[in-house]
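First listed ligand is number 1; within each ligand, the first listed atom is number 1. As the structure is a computational prediction, the values presented were derived from the model and not from experiment.
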Amino acid sequence: MTDFLKRCWAVVDLDAIAHNFQQVRRRLVPTCLVMAVVKADAYSHGDRYVAGELARQGANWFGVSNIDEAISLRRQGIYQPILILGSTPAENAALLGRYAITQTIFSAEYARELQQQAALAGVTLDVHIKVDTGMSRLGFAAAEEDQVAAAAEEIAGVCALENLRAYGIFTHFSCADEKDPGSEAFTRRQYALFLKVIAALSDRGIEFPLRHCCNSAAVLRYPEMQLDMVRPGVILYGLAPSPDCEGLADLKPAMSLHCVISMVKELKAGCAVSYGRTFTAPQDMRIATVPIGYADGFDRRLSNNARMLLHGQYAPVVGSVCMDQLMLDVTHIPDARAGDEVTIIGAEGERAVTFDEMAARLGTINYEKMCLIGKRVPRLYRRGGEDLDVVDYVRQAVREKP
Ligand SMILES: *Cc1c(COP(=O)(O)O)cnc(C)c1O
């Protein structure tokens, strides 16, 4: 199954996903549901096997970004409720109905459009109401105390629409991952505003059985805000939401990245490496050419600024990262040979290279590095220490089995 994995590939450890899910589960009261967030193809891990594993572990709901991701989950046999966290063109009302997908309602105007299209299509749609308590992204505005009454008024109007069935309400935190006092106060304020909107609706006789607000960071840092359901994403994949959340749970990174050396060559002192000659050998050295580049998601800004592992040792990236290849300094690893395996992300013995390290070098967040692992990289799924299957998006697209 893995014979053809001789370029660059990702290994997704489903046991790690299961372990991380249970780390979430154990922090919750038994009645609290878990919506596993699997948007962006399960943060690039591949939603097919990941969602299946999460369902097996007891995920009650799935969260996605758009209708295509939702339909893809349905086609893969996921029968749990699915919430689209973003906007769906109202013209897709019939599809939402056909696939029994729950849509987020974030404004009165959007609710009216969706109501109209749902009525035309002859469907009644399940929806969750999104309240904006300070993220300033989607949602009915309630970021200030004096907006609560108007938000409740508008939401009550949505709840009266005939073809929309609103039984969930949620908000999203903007800085639950940060532990400075300002961020903590802001998170608590967001939570309080959310509860005020819910109370104002309750006064009107409108109740929501599913109230939810916790992302990964809030699951770890504010378990008292779990309400009826939580929406973890990044921790299911084994990464901390931010450095401030480091060590708050025993997480296992689910994805590792590997490739094999294409060739090893001797370089004379003074020879330059790669495009732009940004690296010149200070003395005689040995370099290894490896088949991963920026088209695979290995950021070009990591040129001369990253490291990989081989034979249990770190090897620095030298010269510019190319589209499909880059070079490593292996002078200090004399037994490095063509065909040897390189760990791009992952551990070898005591040493590791992580998405966190890569993100720190680039001044960004681990989420982004993970999501940008390209579709050209086949994903090998492993469970119980055994290889389960390979998903290769490119070969799939040309309808050719490995
Ligand atoms: C992405 C997302 C989540 C999950 O966030 P993590 O930080 O990965 O846990 C939860 N809720 C909403 C609305 C999201 O967009």
Side-chain angles (χ1 to χ4, degrees), residues 17 20-21 23-25 27-28 32-45 47 50-51 54 59-67 69-70 73 81-88 101-107 127-140 142-143 168-179 183 187 190-191 194 210-223 225-246 248-249 251 253-255 355-356 359 364-372:
I17 300 274
N20 298 329
F21 180 86
Q23 287 295 309
V24 170
R25 190 63 263 178
R27 283 169 166 72
L28 309 172
C32 180
L33 304 182
V34 179
M35 173 186 292
V37 178
V38 293
K39 62 195 181 195
D41 200 26
Y43 292 41
S44 210
H45 291 59
D47 61 18
V50 169
L54 288 165
N60 309 94
W61 277 73
F62 287 94
V64 298
S65 77
N66 66 60
I67 190 168
E69 291 179 351
L73 286 185
I82 299 172
L83 174 65
I84 296 177
L85 300 163
S87 175
T88 300
I101 295 162
T102 306
Q103 174 58 41
T104 293
I105 299 290
F106 46 83
S107 73
V127 299
H128 284 198
I129 305 292
K130 178 74 181 286
V131 184
D132 177 7
T133 54
M135 175 79 177
S136 304
R137 196 167 65 179
L138 289 179
F140 292 85
I169 188 163
F170 69 111
T171 194
H172 192 50
F173 293 137
S174 64
C175 54
D177 58 315
E178 293 177 60
K179 69 177 178 199
S183 299
T187 304
Q190 281 196 273
Y191 185 64
F194 181 47
L210 280 179
R211 304 160 300 162
H212 47 105
C213 59
C214 288
N215 54 6
S216 293
V219 167
L220 297 177
R221 304 195 62 246
Y222 302 95
M225 299 180 186
Q226 59 190 260
L227 298 173
D228 307 304
M229 181 157 77
V230 295
R231 305 189 308 269
V234 76
I235 50 177
L236 298 175
Y237 309 102
L239 300 193
S242 74
D244 279 0
C245 297
E246 215 63 73
L248 293 181
L251 301 174
M255 184 193 279
F355 280 115
D356 304 73
T364 184
I365 54 173
N366 53 14
Y367 291 71
E368 189 197 34
K369 297 332 297 168
M370 198 161 49
C371 286
L372 287 178

Inset, instruction - Using modelled atom types only, decide if a donor and an acceptor are shared between the side chain of Gln103 and the backbone of Gly86 within a distance under 3.5 Å. - result: yes

Legend entry - Close-contact set for ligand 1 against Val234 heavy atoms, below 4.0 Å: 6 (P), 8 (O), 9 (O)

Inset, instruction - Would you give the length of the straight line joining atom CG of Leu248 to atom CG of Asp177, rounded to the nearest 0.5 angstrom? - result: 11.0 Å

Legend entry - N/O donor-acceptor pair under 3.5 Å between Thr104 side chain and Ile84 backbone: yes

Legend entry - Donor-acceptor contact below 3.5 Å, side chain Glu368 vs main chain Ile365: no

Inset, instruction - Mark the output for His212 as yes if a heavy-atom distance to ligand 1 is under 4.0 Å, and as no if none is. - result: no

Legend entry - Distance-minimising heavy-atom pair for Asn215 and Ala176: OD1-CB, 4.1 Å

Legend entry - N or O pair under 3.5 Å between Phe170 and ligand 1: no

Legend entry - Nearest non-hydrogen protein atom, atom 5 (O) of ligand 1: Tyr43 OH, 3.6 Å

Legend entry - ligand 1 N/O within reach of Asn215 N/O, cut-off under 3.5 Å: no

Inset, instruction - Pick one of side chain, backbone, both or neither for how Met35 approaches ligand 1, counting any non-hydrogen atom pair under 4.0 Å. - result: neither

Legend entry - Ala217 touching ligand 1 at heavy-atom level, < 4.0 angstrom: no

Inset, instruction - May I ask you to identify, for Ser216, whether its side chain, its backbone, both or neither come under 4.0 Å of ligand 1 on a heavy-atom basis? - result: both

Legend entry - Nearest non-hydrogen protein atom, atom 7 (O) of ligand 1: Tyr367 OH, 2.6 Å

Legend entry - Residue and atom name of the nearest protein heavy atom (relative to atom 10 (C) of ligand 1), distance in Å to one decimal: Arg231 O, 3.3 Å

Inset, instruction - Output yes when a side-chain donor or acceptor of Asn66 lies under 3.5 Å from a complementary backbone atom of Glu69, and no otherwise. - result: yes

Inset, instruction - Answer yes or no: is there a side-chain heavy-atom contact under 4.5 Å between Phe194 and Ile169? - result: yes

Inset, instruction - Looking only at distances, please establish whether an N/O atom of ligand 1 is found under 3.5 Å from an N/O atom of Gly233. - result: yes

Inset, instruction - Side-chain contact test, heavy atoms from C-beta onward, threshold under 4.5 Å: evaluate it for Val50 versus Tyr43 and give yes or no. - result: no

Legend entry - Contact check: Lys39 vs ligand 1, nitrogen or oxygen atoms, below 3.5 angstrom: yes

Inset, instruction - Ignoring hydrogens and angles, tell me if any N or O in the side chain of Asp244 forms a donor-acceptor pair with the backbone of Lys179 under 3.5 Å. - result: yes

Inset, instruction - Would you mind telling me if ligand 1 is within reach of the side chain of His172, the backbone, both or neither, using heavy atoms under 4.0 Å? - result: side chain

Inset, instruction - Using a strict 4.0 Å cut-off to heavy atoms of Pro232, name the atoms of ligand 1 that fall inside it. - result: 9 (O)

